[in-house]
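Notes follow the structure.
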There are 2 protein chains.
Amino acid sequence: MSEPNTRTSSRIQRQNREVILEAALDVFSAQGFRGATLDQIASAAGLSKPNVLYYFASKEAIHLELLSGLMDSWLAPLRALDPAGEPLDEILDYVRRKIEMSRDYPRESRLFANEILQGAPRMAEAIEGELKSLVDEKAAVIGGWGAEGRISAVDPHHLIFSIWALTQHYADFDVQVRAVLGPGHDPFAEAGRFLEVLFTRLLTPAVGQTSDI
Amino acid sequence: MSEPNTRTSSRIQRQNREVILEAALDVFSAQGFRGATLDQIASAAGLSKPNVLYYFASKEAIHLELLSGLMDSWLAPLRALDPAGEPLDEILDYVRRKIEMSRDYPRESRLFANEILQGAPRMAEAIEGELKSLVDEKAAVIGGWGAEGRISAVDPHHLIFSIWALTQHYADFDVQVRAVLGPGHDPFAEAGRFLEVLFTRLLTPAVGQTSDI
DNA sequence: TTGATGTTTGACCATATGGTCAGTCTCAGG
DNA sequence: CCTGAGACTGACCATATGGTCAAACATCAA
């Protein structure tokens, strides 16, 4: 009886854990935690259920592993926002990075959305800790830019929320977006263009007037 | 043996069905379809499980009833957008109505979000039908306004998406928003102000330039 | 080849859950 | 006060599901 999840992980260990996590991401993101079953995950991974449980202690453990790995990559784009950069460019770059994430990692986005929708029972800590500090920090930067008149002065927290909402919408509500647009559209490309306009207009300081709206 | 869900519904019938739907909305919106159990619903309704099933044929039937009732109220705010009105006001009114819905009916918003997230298995029809037609219709109106220069010309479909994303975010991601803002905030009031600025800036035609961005 | 370590699985278990049913209780109308 | 249609429930069932375990199998260094 050996504990697989130790430092002595062989090639096959790492590989199978990876395969399981990949399969679990598929299933959890599509069905939610309670909707997903170990059989589905095992089947998607091409392994037997007991074998899956040989690599992970429980269904919950798989889910937690996915979530914990998620927060970091989720925060990365915001972390990259450079206080020393050109304000509008920095924010537009952030928007671009977030759309790319929605396009390239929609399952991760949905996994996250599922979790928050259910009240974030397993992420409350990370949200009130890591996430909040980073947002507060970057919001202060953006608020500073606004106060200096380098961009329009808008509530920085809600600006960040709006970026999250607008970009993640295209991953989380993908089916709806595609159904409404109909065939022959590239939602993410169009979104990229639309959002660039939106945030440019929102943040470009009006020439000759400080903030009358 | 009588079928309760006929036209001959007594006072107690209507009342209990209402109580059950109310309880089910609580549970489904918080746990998702698969996460919700009949026991939870029955308990929340203050009824026994068999009694719940005396009023509804199945768990699925309750869920469907909620969803079908939802689409109409969900479309109402967009329906109210008046082609004969003042463009910017019409759109800002729509935004206001949608925020009020997020504030006053967050459970409905989450129920909807849950459904779309899971790929909208039970709403695909309504989305490709009712929803798409209405959006196409109103998008044409907004597109017309843009072409006439009464508002900035932006992609009308994505404009509507952005309104959905920005308003529903505050209902669906409520816990995250509140966690990040910290205590002493009224997310919906702040969001209302922020979004008014956002859409005003986006849609107000730049004076002296047609559309150079 | 062999033994030890690591990997895999069929069979099984306990519990949760959607749903059924026979029968009991309630109460409005006669 | 009766009575029967309507409202309700305890007990039960079948299945799904997370998880366990002993035993079989694979791999590889000695």
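In what follows, chains carry the letters A, B, and so on, assigned in the order in which the sequence lines appear, proteins first and then strands, with residues in each chain numbered from 1.
When distances run from any side-chain atom of A:Leu38 to the nucleotides D:dG18, C:dG19, D:dC8, the shortest one goes to D:dG18. Ranking D:dG18, C:dT17, C:dG18 by closeness to the A:Arg34 side chain, first place goes to C:dT17. Proximity note for B:Thr37 (side chain, C-beta onward) versus D:dG18, C:dG18, C:dG10: the nearest is C:dG18. Listed candidates were C:dG10, C:dG19, D:dA7. Nearest to the side chain of B:Tyr55 is D:dA7. If you check D:dT17, C:dT8, D:dT20 against the side chain of A:Asn16, the one that comes closest is C:dT8. Listed candidates were C:dG10, C:dT20, D:dT17. Nearest to the side chain of A:Pro50 is C:dG10.
B:Glu22 and B:Arg107 are joined by a salt bridge, as a carboxylate oxygen and a charged side-chain nitrogen come within less than 4.0 angstrom of each other.
A close approach under 4.0 Å does not occur between any side-chain nitrogen or oxygen of A:Arg17 and OP1 or OP2 of C:dT7. Remark: B:Asn51 is not in phosphate contact with D:dG10, judged by side-chain N or O atoms under 4.0 Å from OP1 or OP2. For C:dT7, one of the phosphate oxygens OP1 or OP2 lies less than 4.0 angstrom from a side-chain nitrogen or oxygen of A:Tyr54.
For the residue pair A:Asn114 and B:Gln118, a side-chain donor N or O sits within less than 3.5 Å of a side-chain acceptor on the partner.
With B:Phe28 as the aromatic partner, B:Lys59 does not meet the cation-pi criteria of under 6.0 angstrom to the ring centre and within 45 degrees of the ring axis.
When the P atom of C:dA14 is taken as reference, atom CG of A:Leu53 falls 18 Å away, rounded to whole Å. Rounded to a whole Å, the CD atom of B:Gln15 is 18 Å from the P atom of D:dG6. Rounded to whole angstrom, the span from the NZ atom of B:Lys49 across to the C1' atom of D:dA7 amounts to 19 Å. Rounded to whole Å, the distance from CD on A:Gln13 to C1' on C:dT7 is 9 Å. Taking atom CG on B:Leu47 and atom C1' on D:dA7, their separation rounds to 11 Å, with Å as the unit. Rounding to whole angstrom units, CZ of residue B:Phe33 and P of C:dT17 are separated by 13 Å. If you take CG of A:Asp39 and P of D:dT17, they are 7 Å apart, rounded to a whole angstrom. A straight line from CD1 of A:Ile41 to P of D:dG18 spans 8 Å, rounded to a whole angstrom.
No more than 12 heavy-atom neighbours from other residues, nucleotides or ligands sit within 6.0 angstrom of OH on B:Tyr105.
Residue-level contact check: A:Ala61 touches neither bases nor backbone, having no heavy atom under 4.0 Å from any strand. Contact annotation for A:Ile12: backbone-only contact, meaning every heavy-atom pair under 4.0 Å involves sugar-phosphate atoms and none involves a base. Heavy atoms of A:Ala36 sit under 4.0 angstrom from primed sugar atoms or phosphate atoms, though from no base atom.
Remark: the B:Lys59 side chain and the C:dG19 base include no donor-acceptor N/O pair separated by less than 3.5 Å.
Side-chain atoms of A:Arg122 never come within 3.5 Å of backbone atoms of A:Glu115 as a donor-acceptor pair (strictly under, hydrogens ignored).
Taking the six-membered ring wherever Trp is involved, the centroid distance between the rings of A:His158 and B:Tyr170 falls below 6.0 Å.
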